[in-house]
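Read the structure below first, then the notes.
Below, all heavy atoms of this structure are taken into account, side chains as well, without hydrogens, waters or symmetry copies. Both counts, for ligands and for their atoms, begin at 1 and track the order of listing.
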Amino acid sequence: MDAFIIRGSRALKGKVKVRGAKNAVLPIMAAALLTDERCTIENIPTLRDIVTMGKVLKHLGMAIEDNGNGALVVDSSGLANHIAPYELVRTMRASVLVMGPLLARLGKAKVALPGGCAIGLRPIDIHLKGLEALGAKIKIGRGYVEVSGKKLHGAEIRLSYPSVGATENLIMAAALAGGKTVIDNAAREPEIQDLAKFLRSLGAKIEGEGTSRISIEGVQRLGSATHCVTPDRIEAGTYLAAGAITGGRVTVEGVVEEHLKPVSLKLAEAGVNIEVDGSSITASIPGRMRPLNIRTMPYPGFPTDMQAQFMALMTVTPGISSITETVFENRFMQVAELNRMGADIRIEHNTAIINGVNNLSGAEVMASDLRASAALVLAGLVARGETHISRIYHIDRGYEQIECKLRDLGADIERVKE
Ligand code: EPZ
């Protein structure tokens, strides 16, 4: 397994270009199951999760080829298998996103129940309730969920929670259903808006994405399209946080400023100077950082996927900060490791209280989940001495060549074989 060795205390300076959003690519790849025509998906980052989704889709019969310049050409005309097996699903929860399109296209899907993961139980009850409303029959047993329904029909669905995955699965299932579907209390994330844009380019009739009320008029069949994936707002936010925590000046290029607003507003509140120039945003530190109180919320609230990174930033920000995690029940995996680096964090229920310290010290730490691992990298960049992060395959799931991009910004970081 690979590890990172980081020698801290250098101010990062320079520019970094962000790639397509992992959490948009995954549902869009699954959505390509809905059509038997060839599609091209552009601006695809090289990430483990995208390789995993490719394995699941190929197992189902989708042809996928990398056209060599960051795009995938996908073709589901050979779709034959409706079973997503445990050995693939257990490595990536997002595999459940094949459920809606398989049901819509083949009238059935059998998907291994996604095991819980490092950040919580993450059931799929909201997905299943919505599919039932569309006319699917649900059967759960022996670690699998089977959904079946020859012809789905439109329905009025109200989500009990604005689940991103459930919203995506239901939009995809409703795209080929007979009649109109309305999803109330839908998730509003930019990645869902990108999925809707892709589906509309295939001929789907969707309105309201980005609001909490999405309506879909089912169509008989979908066609072909070429789609360029929206930029990754979490990758961008992570590099802005890297510039802030090291007291440097980092510009992220190729972003949608609107999508980063919840993050850039919080950085500005903490005393970071934010400059916007079209699709570029620059973070720099004019003076003293200020402590923050953060509450993660569904979009357009502060994103849970930036919670750990901000926690790292707050460990070396003078004063008392608090972060309340409302989206997942166990997303403080980074706390113990940050405290081993000299941070002063205590947890009260779903709130972390961070007492800023003058500096962190390098240590041997272990990555646990994708964003907690990003927090350890940020901490290593500012810690005194050497930080050794093991199990960095967690990071490779969602950050393309993070060590190369950080080295280009002046960081002393290297990937080593363990
Ligand atoms: C998506 O996960 C993202 N993953 C996550 O990003 C992100 O943290 C999350 O949305 C929230 O923004 C992808 O898009 C591939 P949810 P998802 O359904 O769809 C509960 C990353 O770091 N829930 O909105 O799984 C659930 O347990 C990843 O890139 C139910 O109870 O998130 C959680 O507590 C991590 N029942 C909350 O809702 C359900 O049926 C939010 O889950 C579905 C969800």
Side-chain angles (χ1 to χ4, degrees), residues 19-31 45 47-50 52-53 56 89 91-100 111 113-133 138 140 145 147 157-172 183 185-195 212 229-230 232-238 259 262-263 296-309 325-334 350 367-375 394-400:
R19 297 295 305 280
K22 165 179 83 83
N23 292 348
V25 172
L26 297 175
I28 286 170
M29 286 175 75
L47 299 173
R48 277 170 63 98
D49 273 7
I50 290 169
T52 304
M53 181 58 93
V56 173
V89 173
T91 61
M92 185 183 65
R93 169 188 166 76
S95 312
V96 292
L97 292 174
V98 303
M99 208 163 37
V111 179
L113 283 167
C117 63
I119 59 177
L121 278 173
R122 302 178 77 185
I124 55 170
D125 54 315
I126 302 172
H127 299 239
L128 299 179
K129 203 154 165 284
L131 293 175
E132 253 178 342
I138 311 286
I140 293 180
V145 57
V147 291
I157 302 169
R158 178 166 177 75
L159 303 187
S160 56
Y161 179 88
S163 154
V164 172
T167 302
E168 291 165 343
N169 246 331
L170 295 171
I171 288 174
M172 292 189 279
I183 304 172
N185 196 27
R188 301 171 54 188
E189 272 69 5
E191 293 76 27
I192 290 173
Q193 298 173 50
D194 207 37
L195 169 65
S212 51
V229 173
T230 192
D232 195 320
R233 61 194 169 102
I234 305 301
E235 183 190 23
T238 304
H259 297 169
V263 173
T296 66
M297 293 297 283
Y299 192 87
F302 184 87
T304 174
D305 291 350
M306 281 299 303
Q307 178 257 106
Q309 298 92 313
E325 172 57 65
T326 73
V327 176
F328 290 102
E329 75 270 19
N330 175 28
R331 202 173 192 179
F332 287 145
M333 306 293 281
Q334 68 278 0
N350 63 340
S368 54
D369 69 85
L370 170 56
R371 307 302 175 183
S373 316
H394 288 290
I395 298 175
D396 293 333
R397 295 188 56 168
Y399 291 93
E400 182 185 66

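Proximity to I124 (heavy-atom distance under 4.0 Å) selects the following atoms of ligand 1: 39 (C), 40 (O). Heavy-atom contacts of G165 reach the following atoms of ligand 1: 18 (O), 19 (O) (cutoff under 4.0 Å). Proximity to R371 (heavy-atom distance under 4.0 Å) selects the following atoms of ligand 1: 21 (C), 22 (O), 29 (O).
Comparing R93, R331, E168 against atom 35 (C) of ligand 1, the shortest heavy-atom distance belongs to R331. Of the listed residues (Y299, Y161, F328), the one carrying the non-hydrogen atom nearest atom 38 (O) of ligand 1 is Y161.
Here R233 pairs with E191 in a salt bridge; the nearest charged N to carboxylate O distance falls below 4.0 Å. One finds no salt bridge joining R331 and E325 here, because no Lys/Arg side-chain nitrogen approaches an Asp/Glu carboxylate oxygen to under 4.0 Å.
Using a 4.5 Å heavy-atom threshold, the side chains of L128 and I140 count as touching. With contacts defined as side-chain heavy-atom distances shorter than 4.5 Å, the pair N23/E189 does not qualify. No side-chain heavy atom of H127 sits under 4.5 Å from any side-chain heavy atom of V145.
Of the polar atoms of V164, at least one N or O is found under 3.5 Å from an N or O of ligand 1, judged by distance alone. Polar contact check, L370 against ligand 1: no nitrogen or oxygen pair lies under 3.5 Å apart. For a threshold of 3.5 Å applied to N or O pairs, the pair formed by K22 and ligand 1 contains at least one separation below that value. In terms of polar-atom proximity, V327 is counted as a contact of ligand 1, with an N or O under 3.5 Å from an N or O of the ligand.
Distance check: L26 CG to E168 CD gives 9.0 Å after rounding to the nearest 0.5 Å.
If you look at I126 next to ligand 1, the close heavy atoms, those under 4.0 Å, come from the backbone and the side chain alike.
No side-chain donor from either of Y399 and R19 sits under 3.5 Å from a side-chain acceptor of the other.
Without hydrogens or angle criteria, D194 side chain to T230 main chain gives a donor-acceptor distance under 3.5 Å.
Residue contacts with ligand 1 include P123, since one or more of its heavy atoms lies under 4.0 Å from the ligand.
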